Amino acid sequence: MAPLESADPERIGRYRLINRLGSGGMGQVFLGRSAGGRAVAVKRIHPHMAADASFRERFAREVTAARQVSGAFTAPVIDAGPDDEVPWLVTSYVPSLPLDEAIQAHGPLPEASVHVLAAGLAEALTEIHRVGLIHRDLKPGNVLLSEDGPRVIDFGIARATDGTAATQSVIGTPGFMSPEQVQGEALGPASDLFAYGAVLAFAATGTGPFGEGSMPTMVMRIISREPDLSAVPESLRHLVAACLSKDASGRPSPGEILDYLGDVPAGTAWLPPTVMRGVQEQVAKVNQALSGSANDPQATGGHRRTEVLGAGGAAALGGAAGAAAGAAAAGALGDDQATRIAPAGGAPAAGDHGATSVMGSEGLQSGAQGQGYQPTARFPATQQQPGTPPTAQYGQQQYAHGQAPYGQGQGQYTQGQGQYGQGQHGQGEYGRQARSGGDDPYAGLYGERRGGADTAGYQQQEQQRRMQAEQARAQQQAEEQRRRAEQQRQVEEQRRRQEAERVHRERLRAEQEATRRAQAQARHADQPGVWGFVKLLPLLILPLVQIPLGYGASLAWEWFTTETQLWNGRAFGFEPLSMAGFWSATMLGYFLFNNLVSLEFLVRSLRTAFVTGAVLALGVIAATNFLLYGFGFWA
């Protein structure tokens with residue numbers, strides 16, 4: 001768990017956020033507290049996914065289905081806000097260790113624990129499949145190890161992200177996806193059974209049945225290779241192998257797995273001691289977080305709550321006149337401190353003057369030594385005398401008329417005049433007669449003595465003032481929430497813009513790199529090689545092509561100069577059967593063939609920047625024409 005960040009909301013729905021639990025592809029997960037003090041896990045969907053209308057529709061549909069899951073080995077959905085500006089989901093929080101963290105910290109589970117895990121996960125999948133859901137992402141991170149058994153979380157909700165613009169990828173975790181899932185085919189409940197087998201192998205061996213690696217590597221192993229189950233206990237190997245079948249129809253159902261496992265002994269000792277200590281530490285952390293949130297004075301929205309300071313029970317503060325006068329007094333003095341039940345023998349702290357305290361057996365004396373308004377105290381709890389007003393509760397001994405004890409015989413309310421209860425109607429009496437027609441005994445609090453009518457009017461004014469103050473505070477809090485929401489929206493908008501710019505830059509860089517690679521590959525594919533030139537050398541040296549080419553070119557030129565009317569120059573005479581004609585045709589063939597082939601090789605070398613090829617082609621052209629000059633071809 002991590003503390004909340006400044007941009008995190010204080011509440012989501014009716015749930016107060018306490019800590020951060022983690023984040024995933026769908027959103028941020030918080031540890032929250034319900035109004036009744038229950039620990040919950042609150043998942044807040046990423047804002048950029050909330051903008052997709054199709055995602056919202058699928059999310060609402062999957063939440064409705066997930067609420068029907070109520071198995072003993074699942075963390076049920078207890079609330080959701082699919083129609084809020086940012087959708088959210090609340091599940092029951094189970095203080096526990098995720099399976100992957102437990103294996104990483106303490107090693108593989110013993111065989112007996114894996115049997116309990118297998119039965120619990122099978123029961124959870126039975127309940128999930130019963131309502132028509134498919135988990136789609138059953139992995140060690142979604143399996144929690146609690147004191148009384150495993151729990152499966154995040155069931156059925158992963159499908160809501162399928163096909164959204166924000167998640168153009170396969171939903172799942174490498175190494176724990178079925179062959180049909182990695183190939184993008186339609187999924188059924190059997191897909192969860194493949195992941196179930198992979199989770200059991202991981203729990204028993206500490207590693208997945210297909211090892212570790214990148215996404216493409218894991219996909220190829222899942223599709224084409226058999227799992228490595230050599231380290232799986234013999235009693236579970238057959239079950240895990242059946243679940244990891246490439247053919248979905250060959251995998252067992254959760255009911256068949258439960259029949260195969262039979263009754264598995266469980267209990268609080270189903271985990272090894274080291275793992276159980278880790279779970280108990282998580283329980284203590286959650287209890288501490290809940291306790292800290294309950295004692296937070298900001299949890300009530302501005303007013304301090306009534307606190308019980310000690311083991312004494314709460315005292316009933318009755319009497320309509322006393323309650324009204326006390327409320328008016330608090331408003332007049334500007335005192336909205338909390339009502340406290342002090343421990344026996346305790347004394348109010350400095351600054352608590354004016355707070356109403358219900359004392360223990362050794363109450364505070366209400367003498368004249370204290371400063372400020374003295375607190376109202378009560379005697380030790382005994383049965384109330386018949387006819388006593390509800391605000392007067394006496395101790396075990398009774399007091400005669402004319403006395404007004406206030407404490408334990410010290411600090412009387414009046415000096416021998418008037419009772420604090422039922423009796424004579426003396427001065428300062430707080431009885432029914434005083435309430436009906438006498439003066440207000442609390443008039444001194446206001447600096448003057450008031451009649452009943454004046455007190456009622458003043459109380460009404462004070463009540464209106466408090467209501468206005470409450471409305472002003474509520475408006476201020478609403479404005480603060482709107483300001484925070486606007487700041488958060490701006491931060492999210494800036495983050496989305498930065499993310500979009502980063503993705504755009506990466507896409508441009510990838511496109512430029514791909515273009516460069518394609519051009520380089522094209523050049524390399526069209527580039528001639530030295531070996532290709534070496535293979536041409538026999539054709540350039542041996543007159544296998546040159547002699548027929550030379551004879552053909554000579555006969556064609558003789559025909560063109562003698563038989564057509566297009567040539568007006570001297571006619572060319574060629575004697576093919578003479579030695580002179582043979583040499584003339586051979587040299588003409590060498591001239592035509594070698595120069596054409598070398599020119600073609602030179603052009604390809606220059607176009608692909610193949611310097612060596614260009615030098616070789618020029619060398620052949622120069623050698624061919626130099627030799628022909630030497631044999632008198634140019635004469």
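In this text the structure is predicted, and so the values were computed from the model without any measurement.
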Undergrad: When you measure from the side chain of Ser191 to the backbone of Leu187, do you find a donor-acceptor pair of N or O atoms at a distance under 3.5 Å?
TA: no
Undergrad: For Glu501, check salt bridge (charged side-chain N to carboxylate O under 4.0 Å, His left out) against everything at least two apart and list the hits.
TA: none
Undergrad: Quick check: closest heavy atoms across Ser23 and Gln28, and the distance to 0.1 Å?
TA: CB-OE1, 3.4 Å
Undergrad: For the pair Lys43 and Asp154, find out whether any cationic side-chain nitrogen is under 4.0 Å from an anionic carboxylate oxygen.
TA: yes
Undergrad: For Glu575, is the CD atom crowded, meaning more than 12 foreign heavy atoms sit under 6.0 Å from it?
TA: no
Undergrad: Using a strict 4.0 Å threshold on nitrogen-to-oxygen distance, state whether Glu513 and Arg509 make a salt bridge.
TA: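 Salt bridge absent between Glu513 and Arg509.
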Undergrad: Report the C-alpha separation of Lys139 and Val143 in whole Å, then their side-chain angles, then the decisive distance to 0.1 Å, and conclude whether the side chain to side chain contact (heavy atoms under 4.5 Å, CB included) test is met.
TA: CA-CA 7 Å; Lys139 59 182 180 181; Val143 176; over 6 Å; no
Undergrad: Using a 4.5 Å cut-off on heavy atoms from C-beta on, say whether the side chain of Glu493 contacts that of Gln490.
TA: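 No, their side chains stay 4.5 Å or more apart.
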Undergrad: Nearest 0.5 angstrom please: Ile547 CD1 to Leu588 CG, how far?
TA: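 It is 12.0 Å, given to the nearest 0.5 Å.
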Undergrad: What are the two closest heavy atoms between Leu97 and Val275, and how far apart are they?
TA: CD1-O, 4.0 Å
Undergrad: If you look at every heavy atom in Gly175 and Met218, which pair is closest and at what distance?
TA: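 Heavy-atom minimum between the residues: CA-CE, 3.6 Å.
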Undergrad: Main chain of Phe591, side chain of Asn595: is a donor-acceptor contact present, judged purely on distance under 3.5 Å?
TA: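 Judged by distance alone, yes, a pair lies under 3.5 Å.
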Undergrad: Where is the tightest heavy-atom contact between Ile621 and Ser598, given as atom of each residue plus distance?
TA: CG1-CB, 3.3 Å
Undergrad: Of all heavy-atom pairs between Gln282 and Ser96, which one has the smallest distance, and what is that distance?
TA: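 Scanning both residues, the minimum pair turns out to be CG-O, 3.3 Å.
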Undergrad: Between CZ of Phe176 and CG of Asp137, what distance do you get to the nearest 0.5 Å?
TA: 10.0 Å
Undergrad: Between Ser214 and Thr217, does a side chain to side chain contact (heavy atoms under 4.5 Å, CB included) hold up when you go through it step by step?
TA: CA-CA 5 Å; Ser214 62; Thr217 301; 3.1 Å; yes
Undergrad: Hey, what do you get for CG (Leu616) to CG (Leu602), rounding to the nearest 0.5 Å?
TA: 10.5 Å
Undergrad: Return yes if some donor-acceptor pair links the side-chain N/O of Asn142 with the main-chain N/O of Leu138 below 3.5 Å, else return no.
TA: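 Not a single qualifying donor-acceptor pair exists.
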Undergrad: Determine whether a donor-acceptor pair (N or O, by modelled atom type, separation under 3.5 Å) exists between the side chain of Arg237 and the backbone of Val232.
TA: yes
Undergrad: Take Asn19 and Leu4 through the side chain to side chain contact (heavy atoms under 4.5 Å, CB included) test and state the conclusion after the steps.
TA: CA-CA 5 Å; Asn19 291 104; Leu4 296 177; 5.6 Å; no
Undergrad: Using atom types as modelled and distance alone, determine if a side-chain donor or acceptor of Tyr196 lies under 3.5 Å from a backbone N or O of Ala190.
TA: no
Undergrad: Can you confirm whether Val530 sits close enough to Phe610 that some side-chain heavy atom of one is under 4.5 Å from a side-chain heavy atom of the other?
TA: yes
Undergrad: May I ask you to check whether Phe572 and Phe560 place their ring centres under 6.0 Å from each other?
TA: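 So the answer is no for these two rings.
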Undergrad: Ignoring hydrogens and angles, write down the donor-acceptor pairs under 3.5 Å from the side chains of residues 198-211, residues two or more places apart or on other chains.
TA:
| unit_1 | atom_1 | unit_2 | atom_2 | d |
| --- | --- | --- | --- | --- |
| Thr205 | OG1 | Ala201 | O | 2.6 |
| Thr205 | OG1 | Thr207 | N | 3.4 |
| Thr205 | OG1 | Thr207 | O | 2.9 |

Undergrad: In a table with atom names and distances, give each donor-acceptor pair under 3.5 Å that connects a side chain of residues 241-250 to protein atoms at least two apart or in another chain.
TA:
| unit_1 | atom_1 | unit_2 | atom_2 | d |
| --- | --- | --- | --- | --- |
| Ser245 | OG | Asp247 | N | 3.3 |
| Ser245 | OG | Asp247 | O | 3.2 |
| Lys246 | NZ | Ile222 | O | 2.4 |
| Lys246 | NZ | Arg225 | O | 2.5 |
| Asp247 | OD1 | Ser249 | N | 3.2 |
| Asp247 | OD1 | Ser249 | OG | 3.0 |
| Asp247 | OD2 | Ser249 | OG | 2.8 |

Undergrad: Apply side chain to side chain contact (heavy atoms under 4.5 Å, CB included) to residues Trp270 and Val264 and explain how you reach the verdict.
TA: CA-CA 10 Å; Trp270 75 281; Val264 176; over 6 Å; no
Undergrad: Output the distance between atom CD (Glu57) and atom OG (Ser54), rounded to the nearest 0.5 Å.
TA: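 Between atom CD of Glu57 and atom OG of Ser54 there are 7.5 Å.
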Undergrad: Write down the atom of Arg570, the atom of Thr561, and the distance for their closest heavy-atom approach.
TA: O-CB, 4.5 Å
Undergrad: Do Pro98 and Pro140 have side chains that approach each other closer than 4.5 Å (heavy atoms only, starting at C-beta)?
TA: no
Undergrad: Can you check whether Pro87 reaches Arg56 side chain to side chain, under 4.5 Å on heavy atoms?
TA: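 Yes, their side chains come closer than 4.5 Å.
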Undergrad: Can you name the residues that form a ring pair (Phe, Tyr, Trp, His ring centres under 6.0 Å) with Tyr629, not counting sequence neighbours?
TA: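 Tyr629: no ring pair (Phe, Tyr, Trp, His ring centres under 6.0 Å) contacts found.
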Undergrad: Main chain of Ile12, side chain of Arg44: is a donor-acceptor contact present, judged purely on distance under 3.5 Å?
TA: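 No.
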Undergrad: Within a strict 4.5 Å, meaning less than it, do heavy atoms of the Pro576 and Tyr551 side chains meet?
TA: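 A side-chain contact under 4.5 Å exists here.
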Undergrad: Using modelled atom types and a 3.5 Å cut-off, is there a donor and acceptor pairing between side-chain atoms of Ser554 and backbone atoms of Gly550?
TA: yes
Undergrad: Judged by atom type as modelled, is there a donor-acceptor pair below 3.5 Å linking the side chain of Glu127 to the main-chain atoms of Thr74?
TA: no
Undergrad: With a 6.0 Å cut-off (strictly less than), is the heavy-atom count around CD of Glu506, excluding the residue itself, greater than 12?
TA: yes
Undergrad: Is any side-chain heavy atom of Pro216 less than 4.5 Å from a side-chain heavy atom of Val219?
TA: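 No, too far: nothing below the 4.5 Å cut-off.
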Undergrad: Indicate yes or no: does Arg251 engage Glu180 in a salt bridge with an N to O separation below 4.0 Å.
TA: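 Salt bridge flag = yes for Glu180 with Arg251.
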Undergrad: Can you name the side chain to side chain contact (heavy atoms under 4.5 Å, CB included) partners of Gln546, sequence neighbours left out?
TA: Pro543, Tyr590, Phe593, Asn594
Undergrad: Count the heavy atoms of every other residue, nucleotide or ligand shown that sit under 6.0 Å from CZ of Arg502, and state whether that count exceeds 12.
TA: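 Yes, enclosed.
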Undergrad: Taking atom CD of Glu111 as the centre, report whether more than 12 heavy atoms of other residues, nucleotides or ligands fall under 6.0 Å from it.
TA: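 Yes, the 6.0 Å shell around CD holds more than 12 heavy atoms from other groups.
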Undergrad: To the nearest 0.5 Å, what is the distance between CG (Leu144) and CD1 (Ile153)?
TA: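 Going from CG on Leu144 over to CD1 on Ile153, the span is 4.5 Å.
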Undergrad: Can Arg495 and Glu492 be counted as an ion pair, charged N to O under 4.0 angstrom?
TA: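 A salt bridge is present here (some side-chain N lies under 4.0 Å from a carboxylate O).
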Undergrad: Quick one: are Leu117 and Leu145 in side-chain contact, heavy atoms under 4.5 Å?
TA: yes
Undergrad: Does Asp84 use its side chain to pair, donor to acceptor, with the backbone of Val86 at less than 3.5 Å?
TA: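 Looks like no, no N/O pair under 3.5 Å.
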Undergrad: Among all residues two or more places apart in sequence or in another chain, which pass the side chain to side chain contact (heavy atoms under 4.5 Å, CB included) test with His129?
TA: Leu125, Pro189, Asp192, Leu193, Pro254
Undergrad: Can Gln181 and Arg136 be said to form a side chain to side chain donor-acceptor pair (under 3.5 Å), step by step?
TA: CA-CA 8 Å; Gln181 188 173 7; Arg136 301 169 66 90; over 6 Å; no
Undergrad: Would you say Arg496 and Pro47 make side-chain contact, with heavy atoms under 4.5 Å?
TA: yes
Undergrad: Quick check against the 3.5 Å criterion: does His135 have a side-chain atom that pairs as donor or acceptor with the backbone of Ala195?
TA: no
Undergrad: How long is the straight-line distance from CD of Glu62 back to CD1 of Ile134, given to the nearest 0.5 Å?
TA: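 Going from the CD1 atom of Ile134 to the CD atom of Glu62 covers 9.0 Å.
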